[in-house]
Structure formats: C-alpha cells, structure tokens
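First the structure, in the form of structure tokens, and then the observations on it.
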Amino acid sequence: MDETAKESSQKRWTHLRKVLERPGPFSHPEFEPSPDILDFILSTCKILIIGAGGLGCELLKDLAMMGFKHIHIIDMDTIDLSNLNRQFLFRHKDIGMSKAEVAAKYVINRIQGCQVEPHFCAIQDKSEDFYRQFNVIVCGLDSILARRWINGMIVSLLNYDENDVLDQSSLIPLVDGGTEGFKGNARVILPGMTACVECTLDLYPPQITFPLCTIANTPRLPEHCIEYVKVVQWDKENPFGVSLDGDDAQHLAWVHEKSVDRASQFNIQGVTFRLVQGVVKNIIPAVASTNAVIAAVCATEVFKLATSCCNPLNNFMVFNDIDGIYTYTYEAEKKNNCSVCSNIPQQISVEDPSKMKLKDLISYLCEDKRFQMKNPGLTTTIDGKNKTLYIPTIAAIEMRTRLNLNKSLLELGLKDGQEIIVADTTTPTSVILKLTYKANDVEMNAD
C-alpha cells in the first residue's frame with residue numbers, strides 16, 4: 001500500500017478510532033480501548049447475515065461500510081420484479097438470479113477489500129461447524145419458522161461445564177430485525193443468558209390462513225374470494241396449463257377477474273389487483289425507509305457486540321412511524337421452562353391418558369403457544385428399547401406408524417413420567433417432553 005492509500009485508509013476510520021481507542025460514558029464495563037479492536041473488525045471478525053431481501057440488502061451495505069471485511073450472506077430465494085422497489089442491490093437484469101450471489105457481487109465491486117461469501121441455499125442445509133465459525137449472526141428474515149430454527153441452532157452450540165456453568169466462548173450473539181409496513185423491531189439475543197426467540201414466541205403474529213370450508217362455502221372477506229380462486233378454481237380450470245405464477249401478469253389478471261366475479265356473487269366489496277398480488281404471493285407489506293431504520297439499529301448492535309464499546313440493546317426495541325415516530329425498548333424475559341434454552345424436559349399435563357390419543361398429543365404440540373410446532377415426529381424409549389411413535393416426514397415410516405395416531409397413550413405403553421423425544425422443522429435439535437398424568441383412577445401401566 002502506497003503512502004497516499006495508507007493515509008486515505010487511516011482517515012476513513014477516524015471516527016471509529018475515536019470510539020474504539022478512548023473510553024466514554026456509555027462504554028461497556030469490560031471495554032478496554034485499544035487500536036487492536038479496529039484491526040479485529042477489519043481483518044478478523046466474521047459476520048453472518050441471514051436473508052438477502054429488504055432488510056438483508058440494507059444490513060450488508062451497512063456492515064460492509066462500517067468496516068467489517070469478512071461477511072457471509074445466506075438466502076435461498078431468487079430475485080423477482082417485485083423486489084426491485086426496495087432491495088436496492090438488485091437490477092432488472094438480475095431477475096431470476098440468486099439474491100445472495102448478486103448482493104455479494106455488488107458489494108465486493110463497490111467496497112474495496114470487503115470479502116462477501118454468498119450461500120444460495122436454505123439455512124437448514126448448513127452444519128453446526130458452519131455456524132460455529134462466526135462471531136455474530138444477524139437476521140433479516142420474514143419467516144418465523146426460520147427464526148426459530150436458527151435460534152435453536154445457536155442454543156445447541158452452547159457448551160456447559162460439569163457444574164452447568166455456561167462456557168462464554170461458545171456463545172454466538174444473534175441480532176434479529178423484522179419489519180412490516182411502517183412498523184419494525186430489533187432484538188439482541190445472547191443464547192443461554194437472555195430471552196431467546198422461543199421464550200417470546202407469543203410476540204409474533206399468527207400466520208394468516210383461511211379454512212377451506214370458509215372460502216368455499218361462506219366467504220366474508222375479499223381475501224376469501226381470492227384464496228378460493230387461487231386454491232380451488234385455478235387447479236379446477238387450469239387456464240394456462242401450468243402452476244399459478246405470482247409473477248406472471250396474465251396469471252394475476254385471470255385470478256383478479258375470477259375473484260371479482262366470485263365476490264359479486266356474495267356481495268363482497270374490495271377485491272383489487274393489488275390485493276390479489278398480496279394474497280397470491282403472500283406478500284408482507286414492506287417500506288424501504290422502515291427497512292433502513294431497522295437495519296441501521298441491527299448493524300449498530302452488531303458493532304457494539306463485536307467491539308464491546310457500548311452496552312448492547314437490552315433487549316427488544318419496537319419502532320413505529322405510522323403516526324409520527326415512536327420507539328420503545330424493553331427487556332424481554334427469559335423463560336425458565338423454555339422448550340429450547342432451559343435445558344429441562346417440558347411438562348405435558350394429561351387429564352386422562354386412556355382417552356388422549358397420539359393424534360391429540362400431536363395437535364396439542366401444534367396448537368399450544370409454548371410449542372407451535374409444524375409437523376412433529378415422536379419417538380421414545382420403553383423398557384430400554386427405542387420405539388418410534390410417529391414420523392410424518394419419511395413416507396415408509398409414516399405408513400408403518402400411522403395406526404398409532406388413533407391409539408391412546410396407555411395403549412402405546414406410555415406411562416406417567418414418560419419422556420418423549422420430538423423432532424420438528426422449527427428447531428434443528430430435538431425437544432424432550434415429559435408426560436404427567438392427572439387421572440388417578442386409570443391404570444397407568446398399559447398391559
């Protein structure tokens with residue numbers, strides 16, 4: 001590096017040096033000012049960004065311009081036309097290409113010395129060793145399922161000694177951001193120490209679905225009419241001989257026309273082309289300015305965690321600019337009985353095990369606020385032998401265990417205090433459940 005370039009590089013980080021090389025009133029108690037901290041940011045610190053959409057593009061830009069030189073970004077999606085109004089790293093020529101790869105290439109070409117490694121795949125495709133290499137993980141996701149999975153992954157990486165004391169070196173902080181329209185939030189999760197995603201699962205809005213009986217027989221909303229055309233009428237009439245494509249203008253026009261016709265039959269108002277797009281593509285309203293604000297907060301928290309220059313957010317921030325600007329920070333509480341980070345079996349209280357069937361237990365795991373599972377598989381150990389109760393994800397095993405669904409817990413040989421191992425797509429590790437029977441007048445030990 002010549003003298004001019006070296007001098008330019010020194011001037012570029014002048015403001016960061018003021019923060020990192022001298023103490024301040026908001027410094028973390030363990031912060032020790034040193035020029036080595038900036039060197040760590042520029043040469044060593046590894047950051048993983050999950051998601052390369054509206055938030056992900058902002059995060060990648062912010063972190064790269066803050067000085068982080070070793071960034072990985074992972075996303076399984078490709079670019080479509082609707083992304084271009086807010087995901088500013090993409091151009092029309094990029095439509096159909098990997099979001100992660102295009103975003104990485106753009107930043108590498110724009111910011112000298114920044115190394116961005118893209119991963120065009122699902123987060124579930126990566127191993128523990130992949131995630132273990134990062135100093136901080138930051139999420140810009142629109143999926144609660146993906147949030148729960150990565151939360152379970154970083155918790156599973158924690159190590160404890162023989163006295164159940166957490167090994168701090170195994171802790172990988174998670175910074176999570178989310179936006180919807182003019183509202184957003186940011187949070188900092190220190191796995192094993194603060195509230196995790198699963199601890200606060202009830203904070204997330206339920207995913208909107210419409211029962212088929214409602215959309216087919218008693219539609220009341222314009223969304224019901226659109227969903228009927230999307231789910232039923234398209235397959236029935238098969239107008240273009242292909243699957244419905246939410247990015248095809250002809251497909252959307254057909255759905256819009258049929259939805260208007262159906263809405264008029266039931267005297268329902270409000271079916272618009274924009275609403276059709278939203279329902280067909282399951283679009284979450286996105287505003288570029290909200291993404292920018294939340295990404296800036298998340299990037300700041302990543303910087304604070306990587307340098308210890310300031311206390312991190314404690315631990316949940318809410319942002320709202322629908323009517324003016326409102327922001328509020330509070331501490332989400334860690335649950336002692338969290339199914340992911342508490343390291344204790346979850347108690348399942350059963351009124352009468354002779355009446356409760358296995359399918360009822362599975363429904364409970366899917367509907368209860370504590371678990372909100374999607375498609376759980378259950379195994380256990382009886383008399384020292386492993387027993388598969390039900391596995392829905394492997395066709396051959398599903399067929400062999402399907403009869404168990406209609407058997408009661410007692411018929412399956414499950415006793416009071418029985419531990420069941422549950423695997424689900426919401427977490428990379430299994431959850432241990434412990435059955436507790438309330439009924440005293442039934443035979444607890446099945447013959």
Side-chain angles (χ1 to χ4, degrees), residues 144-145 148-149 151-152 155-156 196-214 335-447:
I144 297 174
L145 179 64
R148 295 176 68 183
W149 192 93
N151 174 77
V155 171
S156 72
C196 74
V197 170
E198 214 73 19
C199 289
T200 56
L201 200 53
D202 54 349
L203 291 178
Y204 295 101
Q207 303 299 290
I208 298 174
T209 57
F210 302 113
L212 185 60
C213 57
T214 298
K335 285 187 177 179
N336 293 328
N337 64 341
C338 174
S339 61
V340 171
C341 69
S342 65
N343 290 326
I344 60 173
Q346 298 298 294
Q347 301 283 338
I348 302 293
S349 182
V350 179
E351 290 287 343
D352 190 343
S354 64
K355 293 182 179 179
M356 187 177 197
K357 297 179 180 180
L358 184 63
K359 65 180 181 182
D360 299 326
L361 177 60
I362 292 174
S363 296
Y364 174 82
L365 294 176
C366 294
E367 297 168 4
D368 186 81
K369 287 185 177 180
R370 278 192 299 165
F371 304 105
Q372 297 186 40
M373 294 185 178
K374 302 300 180 184
N375 202 17
L378 294 78
T379 60
T380 190
T381 300
I382 298 178
D383 297 328
K385 296 181 180 180
N386 294 331
K387 180 174 182 178
T388 300
L389 299 173
Y390 183 68
I391 301 293
T393 54
I394 303 175
I397 300 178
E398 195 280 333
M399 288 185 64
R400 291 201 303 268
T401 57
R402 190 180 300 169
L403 292 176
N404 290 340
L405 293 173
N406 289 313
K407 293 182 180 179
S408 71
L409 302 186
L410 287 185
E411 290 175 325
L412 291 168
L414 304 179
K415 304 175 183 178
D416 185 29
Q418 184 87 36
E419 290 190 351
I420 298 176
I421 300 173
V422 184
D424 189 62
T425 54
T426 57
T427 177
T429 57
S430 299
V431 175
I432 299 177
L433 306 178
K434 188 173 183 179
L435 300 177
T436 303
Y437 295 163
K438 289 186 177 180
N440 296 319
D441 56 345
V442 297
E443 182 62 40
M444 295 305 177
N445 298 317
D447 295 331

query = Looking at side-chain heavy atoms only, is the closest gap between Val422 and Met373 below 4.5 Å?
reply = yes

key: Check: Leu145 and Thr425 side chains under 4.5 Å, non-hydrogen atoms   = yes

task = Could you tell me the separation between the CG atom of Asp360 and the CG atom of Leu409, rounded to the nearest 0.5 Å?
result = 8.0 Å

query = Between Asp383 and Lys385, does at least one N-O distance fall below 4.0 Å, as a salt bridge requires?
reply = no

Sequence neighbours left out, cut at 3.5 Å: what donor-acceptor pairs do the side chains of residues 386-394 make with other protein atoms?
| from | atom 1 | to | atom 2 | distance (Å) |
| --- | --- | --- | --- | --- |
| Asn386 | OD1 | Thr381 | OG1 | 3.3 |
| Lys387 | NZ | Leu412 | O | 2.9 |
| Tyr390 | OH | Glu398 | OE2 | 2.9 |

inquiry  = Rounded to the nearest 0.5 Å, what separates atom OG1 in Thr401 from atom CG in Leu378?
reply    = 9.5 Å

key: Thr380 vs Gln418, side-chain hydrogen bond (donor to acceptor under 3.5 Å, both in side chains): CA-CA, chis, key distance, verdict   = CA-CA 8 Å; Thr380 190; Gln418 184 87 36; 3.0 Å; yes

Gap between atom CG of Leu410 and atom OH of Tyr437 - 0.5 Å precision = 5.5 Å

query = So how far is it from Leu358 CG to Leu405 CG, rounded to the nearest 0.5 Å?
reply = 5.5 Å

query = When rounded to the nearest 0.5 angstrom, what distance separates NZ in Lys407 from NZ in Lys359?
reply = 14.0 Å

message = Under the rule for side chain to side chain donor-acceptor pair (under 3.5 Å), what residues qualify as partners of Ser342, not counting sequence neighbours?
response = none

key: Exercise: do Thr436 and Gln347 side chains pair donor with acceptor under 3.5 Å   = yes

inquiry  = Looking at Lys438 and Glu351, is there a salt bridge between them, counting it only when a charged N and a carboxylate O are closer than 4.0 Å?
reply    = yes

request  = Measure the shortest side-chain to side-chain distance between Tyr364 and Arg370 over non-hydrogen atoms and say whether it is less than 4.5 angstrom.
outcome  = yes

message = To the nearest 0.5 Å, what is the distance between CD1 on Ile420 and OG1 on Thr379?
response = 9.0 Å

task = Run the numbers on Thr427 and Val155 for side chain to side chain contact (heavy atoms under 4.5 Å, CB included), then give the verdict.
result = CA-CA 10 Å; Thr427 177; Val155 171; over 6 Å; no

query = Between Asp424 and Val431, is a side chain to side chain contact (heavy atoms under 4.5 Å, CB included) present by the stated rule, with each step listed?
reply = CA-CA 8 Å; Asp424 189 62; Val431 175; over 6 Å; no

